[in-house]
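Order of the sequence lines sets the chain letters (A, B, ...), proteins ahead of strands, with each chain counted from 1. When reading the values below, keep in mind they use all heavy atoms of this one structure, side chains included, and skip hydrogens, waters and symmetry mates.
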Protein chains: 2
Amino acid sequence: MTQPRSATIKDVAAAAGVGIATVSRVFSGTGSVSAATRERVLAAARELDYRPSALGRGLKLRRRGGIGLIVPDVTDPFCAELVAGVLACARTLGEHVIVDAAHGDPAREAEILDRLVEQRVDGVIAVPAGREADWRAAARVCSSVVFADRVLPGLPEIPAVLADDAGGVRSLVEYLVGLGHRTIAFLGAAPPGVPREEPGTPLGVRERAFRDTLAQLRVPVEEDLVVAARPAGDAAYAAAAGLLQRRADVTAVLAAGHLLGEAAVLVARELDLRVPADVSIAMVDDVAWAELCDPPLTAVARPARDIGYRACELLLRDRARRGRGGPVLLPTELVVRGSCGAIRTARAPGRGTPRHP
Amino acid sequence: MTQPRSATIKDVAAAAGVGIATVSRVFSGTGSVSAATRERVLAAARELDYRPSALGRGLKLRRRGGIGLIVPDVTDPFCAELVAGVLACARTLGEHVIVDAAHGDPAREAEILDRLVEQRVDGVIAVPAGREADWRAAARVCSSVVFADRVLPGLPEIPAVLADDAGGVRSLVEYLVGLGHRTIAFLGAAPPGVPREEPGTPLGVRERAFRDTLAQLRVPVEEDLVVAARPAGDAAYAAAAGLLQRRADVTAVLAAGHLLGEAAVLVARELDLRVPADVSIAMVDDVAWAELCDPPLTAVARPARDIGYRACELLLRDRARRGRGGPVLLPTELVVRGSCGAIRTARAPGRGTPRHP
DNA sequence: GCCTCCCCTGGAAACGATTCCATGTTGTTT
DNA sequence: AAACAACATGGAATCGTTTCCAGGGGAGGC
């Protein structure tokens, strides 16, 4: 209400009695300005509440700082950590971040991407949902793209930062087999967010690691125990319930994601299964509630924050190093808590009956 | 690599054999263009991978769409939901969102705000951390500001969207008293993120509601049971442990936030207290793990997503209605689960001894 | 005393889009 | 047939900033 329009560089120049070039030099730090003049300019700017406009600057410099970040869902704990990592890194580099959620919808993702290109961000970090064509086009137009947590199979030239999911699942399977488990179920047999049946989609890295590790340990893989499930509330619950009711002899469940783990915990409770006495449960993704469960859940911790941080670094700092040597793999860590036990006693009969029939 | 610089409106105009004004009209939708010309322009644009630059447009229109969102921490489930709400609303209005986390640091908040002003966003939504002066200055310079979830006491003219925390705490206290509890502890006696001792800071709305409701129900408030605690991991845990060890006669704990609730649950488990037999626990904020706890936690659900959505609406749509009639209050809901029980038996002796001494 | 060099400084031309205004080109009405 | 309205189009100014270029002035070296 004080000024109808905010002050421009011209106003400051007039107020300070100097040329606009001098004001620009004071604020952009380039060139040399005498101390007296600088002080006069700063005083005038303060007086007028002047803030340089990123619009004018961006237009002239043909780039307008800032990066775009596309995740499936900001409320997902893993994604939230990833976002936090990107924000932390962007902050150190003085960049801002435009965040949006695609909710696994390729059309929405393309839309967001369009908008980011229009905004002329310096680069885009994405947990991609699909549609390689969109990303191929984006990579042509947009300055640069880095994938995080997932890749698109047809785009090996786009740098990526991933968690070592295979290693995580392997150590978890080894741990379970070491405890004596032989009848281990895998809940979530599909790459996250992508139905297994989709043509051209590779089997999920986690499922492959599950199968490979069991094979290596000479434990037969029962197809009946490898359950496809989308990582969404209802679908996950249904899959977990189906599994545990169908196969009363399962001694351990490996959930491929935290939503699937949540479903497993809830179903086990509903079926009155004691954890870990009746069934051991472990999952990929060490989210906050894993520690609050009773018993606390054993999980593979994936470095979500680091993934975000590294992706941002890769995008903005290590431009030279980008694309060399395939995706960056960040290590996972097996966090052993109380939800997995050694096989001791035979399973109690009568299990599988819902607590509230 | 195809083009060194992305195509501009001039390139498109040249390629289509028309003037730049015509191209602009085609893309901005204003004015009239013959169908044939429009088609030629669109074809040329497609050929050149042309995307209008928001920089040029923003400069001319003296506004550059987009809104800023400042939250304490994107990994906090409540904040994440709030962000999701803002994103959802912004999407319907075709705006993008610059998100950043202030981590409760007023200096950092001011820095972010500076950057947003520099970016000339259309408006800012914030969960403010402090320093009214900064916000007063921002409100003068920046187009518009809306507070979410919290307000700054000295700035009643800035519109705000809040949860009805007082109502939520009241219904929770009434519920606990109704179950027979008389020795109820309040964990987190300070406005979220602001130390109680800070001069000029009002007592937290939740604490006041706690006291008022108890008084109204003629239950005396013991100062010893109103425990100040910052909602951070260690501090919360220490406060909860101190409380439950000091006062073995507490029958119910009301945690003022989800981090405090988490602490209460962990401490209760550590001290071998059965929930709800030995102690009832309830908290403000219904986060995902509340349902996964054993027993599931009774909580006051605050509409985080709606708060974000409404705040965004208020910022962008209801400009006219802004500031009228004080802050918007959104209702909370008491979600009763299994963590609060009626008082039946005397407390078991010997409690208060850590499980692992 | 003069020349050169360097430091400050201001003018003006970009940057990419919108938009007013003027100009042509139709189609319609009297 | 003439006049006028409506539409289609291009030119040019404009937005706020950076930056090149040129010019002025003081200091130092010969």
Side-chain angles (χ1 to χ4, degrees), chain A residues 3-42 44-45 48-66 115 117-122 141 143, chain B residues 3-42 44-45 48-66 115 117-122 141 143:
Chain A
Q3 299 101 317
R5 292 160 27 185
S6 56
T8 76
I9 201 172
K10 240 178 276 178
D11 302 327
V12 177
V18 298
I20 55 168
T22 303
V23 179
S24 171
R25 273 187 286 263
V26 168
F27 278 94
S28 65
T30 65
S32 53
V33 181
S34 76
T37 309
R38 154 171 289 116
E39 197 41 58
R40 245 195 7 265
V41 168
L42 287 177
L48 294 170
D49 259 334
Y50 168 72
R51 312 293 185 100
S53 160
L55 261 47
R57 176 185 353 248
L59 184 55
K60 180 60 183 165
L61 301 182
R62 213 151 31 239
R63 54 172 286 268
R64 189 215 68 165
R115 179 156 253 276
V117 170
E118 194 174 295
Q119 289 296 323
R120 297 290 191 271
V121 292
D122 279 359
V141 176
S143 32
Chain B
Q3 299 103 318
R5 293 161 24 186
S6 57
T8 76
I9 201 171
K10 240 179 278 177
D11 302 327
V12 177
V18 300
I20 55 168
T22 303
V23 179
S24 172
R25 274 187 286 262
V26 168
F27 278 93
S28 63
T30 65
S32 52
V33 181
S34 75
T37 308
R38 152 171 289 117
E39 198 39 59
R40 242 190 14 262
V41 168
L42 287 176
L48 293 171
D49 259 333
Y50 167 72
R51 313 293 185 100
S53 159
L55 262 47
R57 178 189 349 250
L59 184 55
K60 178 61 180 166
L61 301 182
R62 215 152 28 241
R63 55 172 285 269
R64 188 212 67 152
R115 179 156 252 277
V117 170
E118 194 174 294
Q119 290 296 322
R120 298 291 192 271
V121 292
D122 279 358
V141 176
S143 32

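- The NZ atom of B:Lys10 sits 12 Å away from the P atom of D:dG11 (whole-angstrom rounding).
- Rounded to whole Å, atom P of C:dC8 lies 16 Å from atom CD of A:Glu39.
- Contact annotation for A:Ile9: base contact, defined as any heavy-atom pair under 4.0 Å involving a base atom.
- Atom CG in A:Leu61 sits roughly 13 Å away from atom P in C:dC15 (whole-Å rounding).
- Taking the nucleotide of DNA chain D with the nearest heavy atom to each of A:Thr22 and A:Gly56, the more 5' of the two is matched to A:Gly56.
- Using a 4.0 Å heavy-atom criterion, one finds that A:Ser32 contacts the bases of the nucleic acid, with or without backbone contacts as well.
- Counting non-hydrogen atoms under 4.0 angstrom, B:Ser24 reaches a base of the nucleic acid.
- Per the geometry, CG belonging to A:Leu48 stands 14 Å off P belonging to D:dG16, to the nearest Å.
- Among the heavy atoms of the strands lying under 4.0 Å from A:Gly17 are primed sugar atoms or P, OP1, OP2 only; no base atom is included.
- Side-chain contact between A:Arg25 and A:Arg38 is absent, with no heavy atoms from C-beta onward closer than 4.5 Å.
- The side chain to side chain contact (heavy atoms under 4.5 Å, CB included) search around B:Ile9 returns B:Ile20, B:Val23, B:Ser24, B:Tyr50, not counting sequence neighbours.
- One can place CD of A:Gln119 at 16 Å from P of C:dG16, the figure rounded to the nearest angstrom.
- At least one donor-acceptor pair under 3.5 Å links the side chain of A:Arg40 to the backbone N or O of A:Ala16.
- Listed pair A:Thr8 / D:dC15 fails the phosphate criterion, with no side-chain N or O lying under 4.0 Å from OP1 or OP2.
- Across all strands shown, A:Ile20 has heavy atoms under 4.0 Å from base atoms, whether or not it also approaches the sugar-phosphate.
- Taking for each of B:Arg25 and B:Arg120 the nucleotide of DNA chain D with the nearest heavy atom, the 5'-most of the two is the partner of B:Arg25.
- In this structure, the nucleotide among D:dT17, D:dT9, C:dG16 sitting nearest to the side chain of A:Leu59 is C:dG16.
- Of the candidate nucleotides D:dG16, C:dA17, D:dT19, C:dA17 has the atom lying nearest to any side-chain atom of B:Lys60.
- Under 4.0 angstrom from either OP1 or OP2 of D:dC7 there lies no side-chain N or O belonging to B:Ser34.
- Of the candidate nucleotides C:dT9, C:dG16, C:dG10, C:dG10 has the atom nearest to the side chain of A:Ala21.
- Using a 4.0 Å heavy-atom criterion, one finds that B:Arg38 contacts no nucleic acid atom at all.
- Looking at heavy-atom distances under 4.0 Å, B:Val18 makes contact with sugar-phosphate atoms alone, never a base.
- Nearest nucleotide to the A:Pro52 side chain, out of C:dT19, D:dT17, D:dT9: D:dT17.
- When all heavy atoms are compared, the tightest approach of A:Leu55 to B:Gln119 is CD1-O, 4.1 Å.
- Across B:Glu118 and A:Pro52, no two heavy atoms sit closer than the pair CG-O, 3.3 Å.
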